[in-house]
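These notes are about the structure you will find just below.
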Amino acid sequence: MTEEEFDATFAYTLDVLLATMAEEPEIDPEKFYNMACILENLRFFSPVLYGVIKQKED
């Protein structure tokens, strides 16, 4: 998997998680906001995560 493929798949997965949480009425808005911030940070660091995963494979 190339870095671009990883980035696209990772971004899609995070978007699906966020959308699923947004549609769930039982999730407290404050907890939703906190999780959205965490997911945004994960998205920002996806190149780093890819590098770590790729390094483990080699």
Side-chain angles (χ1 to χ4, degrees):
M1 179 180 285
T2 67
E3 185 172 353
E4 291 79 19
E5 292 171 331
F6 175 82
D7 190 49
T9 304
F10 193 64
Y12 174 76
T13 303
L14 294 178
D15 289 343
V16 168
L17 283 172
L18 192 59
T20 302
M21 287 179 7
E23 294 172 355
E24 183 61 45
E26 294 179 7
I27 295 180
D28 179 50
E30 185 176 332
K31 289 182 181 179
F32 173 79
Y33 174 75
N34 289 337
M35 186 55 90
C37 290
I38 290 169
L39 293 176
E40 182 180 356
N41 286 332
L42 282 174
R43 174 72 176 95
F44 180 75
F45 288 106
S46 68
V48 175
L49 294 173
Y50 177 79
V52 169
I53 293 169
K54 192 67 174 167
Q55 196 174 46
K56 290 280 186 181
E57 290 178 354
D58 295 339

- prompt: Which residues, ordered by chain and number, are linked to Y12 in its hydrophobic cluster, where ILVMFWY side chains connect at heavy-atom gaps below 4.5 Å, directly or through other members?
  reply: V16
query: What is the distance from atom CG of L18 to atom OG1 of T13, rounded to the nearest 0.5 Å?
result: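 Here the interatomic distance stands at 12.5 Å.
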- prompt: In Å and rounded to the nearest 0.5 Å, what is the NZ to CD distance from K54 to E3?
  reply: 10.5 Å
- request: State whether the number of non-hydrogen atoms from other residues, nucleotides or ligands found under 6.0 Å of E5 atom CD is greater than 12.
  value: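 Counting neighbours around CD of E5, more than 12 heavy atoms of other residues, nucleotides or ligands fall under 6.0 Å, so yes.
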Could you list the donor-acceptor pairs under 3.5 angstrom formed by side chains in residues 32-49, with sequence neighbours left out?
from : atom 1 : to  : atom 2 : distance (Å)
N34  : ND2    : E30 : O      : 3.4
N41  : ND2    : C37 : O      : 3.4
R43  : NH1    : D7  : OD1    : 2.7
S46  : OG     : D7  : OD1    : 2.8
S46  : OG     : R43 : O      : 3.2

- prompt: For F6, which residues count as a ring pair (Phe, Tyr, Trp, His ring centres under 6.0 Å) partner, sequence neighbours excluded?
  reply: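 With sequence neighbours excluded, F6 shows a ring pair (Phe, Tyr, Trp, His ring centres under 6.0 Å) to F10, Y50, given in chain and number order.
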